[in-house]
Amino acid sequence: MLNVLVTGGAGYIGSHTCVELINNGYNVISVDNYSNSAPQVIDRIKKITGKDMKSYCCDIRNKKDLEKIFSDNKIDVVIHFAGLKSVGESCKKPLLYFDNNIFGTIVLCEVMQKFNVKKLVFSSSATVYGDESLPPYVESMPTGKVTNPYGRTKYIVEEMLKDVFSSDNGWSITLLRYFNPVGAHESGLIGEDPKGIPNNLMPYVSQVAIGKLSKLTVFGGNYNTPDGTCIRDYIHVVDLARGHIKAIEKTMQNQGINIYNLGTSRGYSVLELIKAFEKATGKRISYETGSPREGDIAVVYANTDKAFCELGFKAQFDINKMCEDAWHWQSKNPTGYVIN
Ligand code: NAD
Ligand code: UD1
């Protein structure tokens with residue numbers, strides 16, 4: 001049985017990936033400092049899978065603690081989710097983002113190197129494509145013309161990991177560029193639980209539906225798209241989690257550095273997503289159109305051929321299921337993991 005260390009295992013994507021890993025026979029060890037999650041998540045993962053997993057409360061920047069975890073467990077491969085992800089916050093606190101996302105990854109790689117664990121899957125983002133190329137985005141397109149510090153941390157870590165591989169071909173590294181993960185596990189036990197007012201569209205829409213927020217502001221109605229609102233490639237978080245199983249298989253098989261988009265290759269506009277949510281849930285979403293959000297790109301969607309051809313990965317769930325499951329989670333957990 002392979003031992004997978006999951007950094008950020010209690011987070012939104014990490015928790016769903018832990019479930020899929022356990023269901024696929026992997027032994028999971030989570031490392032999370034709970035800065036953007038709650039320890040209760042681990043119990044929910046155990047409840048869904050009916051299996052046990054190890055979890056450590058640890059900041060990955062704390063080398064001593066991380067080394068202890070590596071010496072107490074025989075780790076075969078690492079999936080590295082731990083990081084901060086708010087674009088707005090990264091503009092206000094760039095050093096915090098560089099410290100957490102870049103320095104955190106440096107410490108992790110140093111410890112991996114020390115313990116001769118050289119298999120790594122890293123959470124990158126479609127944001128690395130910036131607005132240099134036109135969609136659909138292909139992995140070989142140029143990257144780096146990012147629009148904010150968060151995006152820059154993803155780009156820098158990608159480049160750093162390429163250099164790590166160049167210096168030592170014994171590494172096997174997979175960079176996954178996520179498009180827009182949404183939805184939740186169909187049990188309604190785990191899902192996205194943003195702190196404060198959500199920055200992202202789907203959690204905002206869900207909180208309007210439950211009455212926590214009064215109305216959505218659609219950021220911009222004059223983009224060069226059929227209905228004037230931005231288009232994104234939304235992918236069900238369980239599909240995304242399953243993409244990690246394929247990525248682990250690839251990472252275990254061959255040495256090298258490989259990059260894959262994880263999306264559906266289908267774009268939906270903001271208004272289409274609102275309609276899909278209303279249809280899936282029977283809830284009305286009040287909204288008004290406001291100004292565009294700085295840094296937003298009109299149309300973003302993936303070319304997913306490489307992930308299909310090389311990983312055999314194809315997303316299964318449609319927009320209806322994404323909305324249904326997002327709502328199921330929100331309505332079962334109106335205050336998220338922590339009960340007010
Ligand atoms: P999340 O905030 O829900 O999960 C990240 C987890 O990492 C949290 O549980 C947090 O407590 C933990 N963490 C943060 N810094 C840590 C540290 N120094 N030490 C230990 N734990 C730490 O975010 P998510 O949506 O699950 O995203 C996971 C990864 O995927 C992130 O790296 C994010 O940048 C990337 N990503 C997310 C999206 C998205 O839309 N959600 C899109 C592209 C890429
Ligand atoms: C954003 C980040 C991206 C990050 C991802 C996950 C930017 C420019 N990009 O992606 O780097 O990886 O979140 O954290 O911030 N929208 C509204 N009203 C809202 C919220 C969103 O109209 O209240 C619109 C946005 O303008 C966008 C779409 O909904 O067109 C999706 O937005 P969001 O969920 O924030 O994702 P991205 O902007 O694609």
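All heavy atoms count here, side chains included; hydrogens, waters and symmetry mates do not. Predicted model, so just to flag it, every value in this text is computed and none were measured. Whatever order the structure lists them in is the order used to number ligands and atoms, beginning at 1.
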Sub-4.0 Å heavy-atom approach of [X] to ligand 1:
{"X": "N180", "value": "no"}
{"X": "G9", "value": "no"}
{"X": "K154", "value": "yes"}

Can [X] and [Y] be counted as having a side-chain donor-acceptor contact under 3.5 angstrom?
{"X": "Y337", "Y": "R44", "answer": "no"}
{"X": "Y97", "Y": "E89", "answer": "yes"}
{"X": "Y56", "Y": "D72", "answer": "no"}
{"X": "K250", "Y": "N258", "answer": "no"}

Go through ligand 1 atom by atom and flag the ones less than 4.0 Å from a non-hydrogen atom of [X].
{"X": "P181", "answer": "39 (C), 40 (O), 41 (N)"}
{"X": "S35", "answer": "10 (C), 11 (O), 13 (N), 14 (C), 15 (N)"}
{"X": "A82", "answer": "7 (O), 13 (N), 16 (C), 21 (N), 22 (C)"}

Given the ring of Y129, does R177 sit roughly above its face, with NZ or CZ under 6.0 Å from the centre of the six-membered ring and within 45° of the axis? yes
Compare [options] and give the one whose heavy atom is closest to [atom].
{"atom": "atom 20 (C) of ligand 1", "options": "N36, N33, T7", "answer": "N33"}
{"atom": "atom 14 (C) of ligand 1", "options": "G8, G83, S124", "answer": "G83"}
{"atom": "atom 36 (N) of ligand 1", "options": "F81, Y12, Y150, F179", "answer": "Y150"}
{"atom": "atom 19 (N) of ligand 1", "options": "L66, I60, T153", "answer": "I60"}

Answer side chain, backbone, both or neither: which part of R61 comes under 4.0 Å from ligand 1, heavy atoms only. side chain
Checking heavy atoms under 4.0 Å, the part of A126 that sits near ligand 1 is neither
Is there side-chain contact between [X] and [Y], with at least one heavy-atom pair below 4.5 Å?
{"X": "V121", "Y": "V4", "result": "no"}
{"X": "Y150", "Y": "K85", "result": "yes"}
{"X": "M112", "Y": "F70", "result": "yes"}

Taking both backbone and side-chain atoms of [X], is any N or O found less than 3.5 Å from an N or O belonging to ligand 2?
{"X": "Y204", "answer": "no"}
{"X": "T217", "answer": "yes"}
{"X": "L201", "answer": "yes"}
{"X": "R293", "answer": "yes"}
{"X": "G295", "answer": "no"}

Hey, what do you get for CD (E294) to OG1 (T147), rounding to the nearest 0.5 Å? 9.0 Å
